[in-house]
Amino acid sequence: MRIRTSRLSWSKLEADVLVVFLNSGEGASKVLAPLEKQFGLALAGYVHQRGFEGKKGQKILLPLLASGLSYKALLCVGVGEGALTVDGWREAYAHTVKAIDQSQFESLVVAELGVRRPRGEVFARMMEAAAEGAWLAGYRFHTYRPEPAKHEKSHVADLCFAGISAPEERAARGAFAQAEAIVLGVHLARDLVNTPSSDMTPADMMGVARRVAARDPRLSVEVFDRGEMEQMGMGAALAVARGSALEPQLVHLKYQPKTKAKKKICVIGKAVTFDSGGLSIKTADGMMTMKCDMAGAAAVVGLFQALPELAPQVEVHGVFIAVENMPSGTAYRPGDVVKAMSGKTIEVLNTDAEGRLTLADAIAYAAEYVQPDEIIDLATLTGAAVIAVGEEITVLFANEDRLAQGLQRASEEVGEVVCRLPLYQPYQQLLKSKVADLKNIAGRAAGSMTAALFLQAFVPESVAWAHLDIAGPAFMERDTRPDMPQGGTGWGVRTLARYLQSQNR
Ligand code: BES
Ligand code: ZN
Ligand code: ZN
């Protein structure tokens, strides 16, 4: 989708659809008066009659049935009361693109009528959010069906902001470039998650990381195979990999800023390319979406694709251990004791709690070979996180308030929702094993917290660490939010990008 601006007014432009954002209470008649005059059509009465009140998310697409007009339809989008927040603009544009999805129209002009666009500094942020919302909503996964199916209508190819002044044009261009870099990262993460596990194996994930790193001289990548992981003593991650015919891969991406780095941040992603549960096998229903179990690593790779354009002044490392969790004659068993890279022994009582085993070694690797100031991990770790806060929200755990607050602020700014839970230390006891240092499951209660406490056992106390359990929002079963389509969402790319950019302030 091409996004651009024009100095011309809506009345001098031409497209399939003219878009107007309306506040509730504002009365459509006043806003639509210039349109009525230009088109010689009565519009406000019709809009009102159809029950449009400008409420948030309300939309009405109105064909302009007269020949010789420069638009084929008018789209009114309600945005609720008052001025829009940056978040509100993102949502409004996402709704706009979704509304057009249901039609055959392809080009849009957004009129400088209705809700006032902000001026000055906020203008650029609004344009960035608007473009982001439009692009996020316009995502399609077409790897396996390049031609859209009959039921899938055409979608927006061109979006133009009318009535943008010359100095604003400059700011808009910069904003679009930022938004595009981030959205391309999100779309890459979505594609990786949506690609079935047979085509997104650990080796495929490694290949994608290599391709991303090759795009810019500030990026680099190192890869380690099973033998090298054995030498590093990664008995926990390798135990998970043992049941699969596929080779595990340890991938270490790096971004080096041009100027002196202020900080070193390591982002770690869970990368289980398919989670069958192993011998503690999942139900058929439970397995249906488990191609998404590498969404944490997908977000890391998506982030790295965006980093050169975002150019944060921090050194960023991205680490993931890609494995497949399968049952077989060589699979690890409930009751097995494995030794992690940190030296701790783990009694495996459930092979479906595999993510924490791979992360334990990824975290130990980061602590030893990266020695970062901060570790942030993203993982589709527990069904319990979904039970706690539902499909749209990520659960955040952190051993340091400043890092937690930084991530919370970043997530708020980009409209990805997180909810922090405590790392309640007395529950460490629930992970006590009779035969090893730790066991990999606790009871049913506080499932996402005991998983986080398990990870904490592998994080050095001197390192600030945050864990994002993205089991809910990594993969949407249905279309509920316009910016989070059904399937892989790329959750985390935008929060991480914002967080890293905030380090420049
Ligand atoms: N990958 C799953 C968690 C998951 C569930 C992600 C639903 C996305 C949607 C994880 O490996 C898992 O199976 N966790 C178990 C842990 C349990 C055995 C302690 C769970 O949540 O049931
Ligand atoms: Zn599992
Ligand atoms: Zn899993």
Side-chain angles (χ1 to χ4, degrees), residues 193-194 197 200 202 205 236-237 239-244 248 268-299 320-327 331-336 346-362 377-395 421 427 430-431 433 438-455 467-478 484 486-492:
V193 171
N194 287 331
S197 303
M200 194 45 63
M205 300 251 345
V240 179
R242 236 167 52 202
S244 170
I268 298 178
K270 174 172 172 181
V272 175
T273 59
F274 183 70
D275 183 10
S276 68
L279 289 172
S280 312
I281 199 158
K282 288 183 183 293
T283 60
D285 275 356
M287 236 182 265
M288 216 131 65
T289 58
M290 279 305 126
K291 67 176 180 183
C292 84
D293 217 16
M294 34 56 79
F320 62 85
I321 298 180
V323 296
E324 189 185 42
N325 188 22
M326 295 293 260
Y332 74 141
R333 314 157 188 83
D336 282 359
I346 304 164
E347 184 185 14
V348 177
L349 289 173
N350 190 318
T351 62
D352 197 12
E354 84 298 340
R356 59 195 78 182
L357 298 172
T358 66
L359 289 169
D361 281 340
D377 79 72
L378 290 96
T380 45
L381 202 61
T382 65
V386 194
I387 302 296
V389 295
E391 228 193 347
E392 294 182 20
I393 300 175
T394 285
V395 184
L421 286 182
Y427 288 176
L430 302 172
L431 291 163
S433 158
L438 284 162
K439 57 182 179 181
N440 78 331
I441 48 165
R444 276 167 56 87
S448 56
M449 196 183 301
T450 52
L453 288 166
F454 180 94
L455 298 183
H467 159 58
L468 294 157
D469 193 332
I470 56 171
F475 192 93
M476 300 294 286
E477 302 264 355
R478 285 165 297 122
M484 279 164 75
Q486 190 278 327
T489 60
W491 201 103

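All ligand and atom numbering here is 1-based and tracks the order in the structure. If you read the sequence from its start, that first residue is 1, and numbering goes on from there. Every heavy atom of this structure was used, including side-chain atoms; hydrogens, water molecules and symmetry mates were not.
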Q. Considering distance alone, does some N or O of R356 sit under 3.5 Å from an N or O of ligand 1?
A. no
Q. For ligand 1, which atoms sit closer than 4.0 Å to a heavy atom of E354?
A. 11 (O)
Q: Look only at interatomic distance and state if T382 has a nitrogen or oxygen under 3.5 Å from any nitrogen or oxygen of ligand 1.
A: no
Q. When you measure from atom 14 (N) of ligand 1 to each heavy atom in L381, T358, I441, T351, which option holds the nearest one?
A. L381
Q) What atoms of ligand 1 come closer than 4.0 angstrom to any heavy atom of K270? A) 1 (N), 10 (C), 11 (O)
Q) What atoms in ligand 1 come closer than 4.0 Å to a heavy atom of N350? A) 18 (C)
Q. Just wondering, is there an N, O or S atom on K270 that's nearer than 2.8 Å to the Zn ion (ligand 3)?
A. yes
Q: Provide the atom name of the closest N, O or S atom of D275 relative to the Zn ion (ligand 3).
A: OD2
Q) So is there a nitrogen or oxygen of C292 less than 3.5 Å from a nitrogen or oxygen in ligand 1? A) no
Q: Determine, using heavy atoms of D275 and all atoms of ligand 1, whether some pair is separated by less than 4.0 Å.
A: yes
Q: Check D293 and report its N/O/S atom nearest to the Zn ion (ligand 3), by atom name.
A: OD2
Q: Heavy-atom contacts with M290 under 4.0 Å: which atoms of ligand 1 show up? List them by number with element.
A: 1 (N), 4 (C), 5 (C), 6 (C), 7 (C), 8 (C), 9 (C)
Q) What's the atom name of the N, O or S in E354 nearest to the Zn ion (ligand 3)? A) OE2
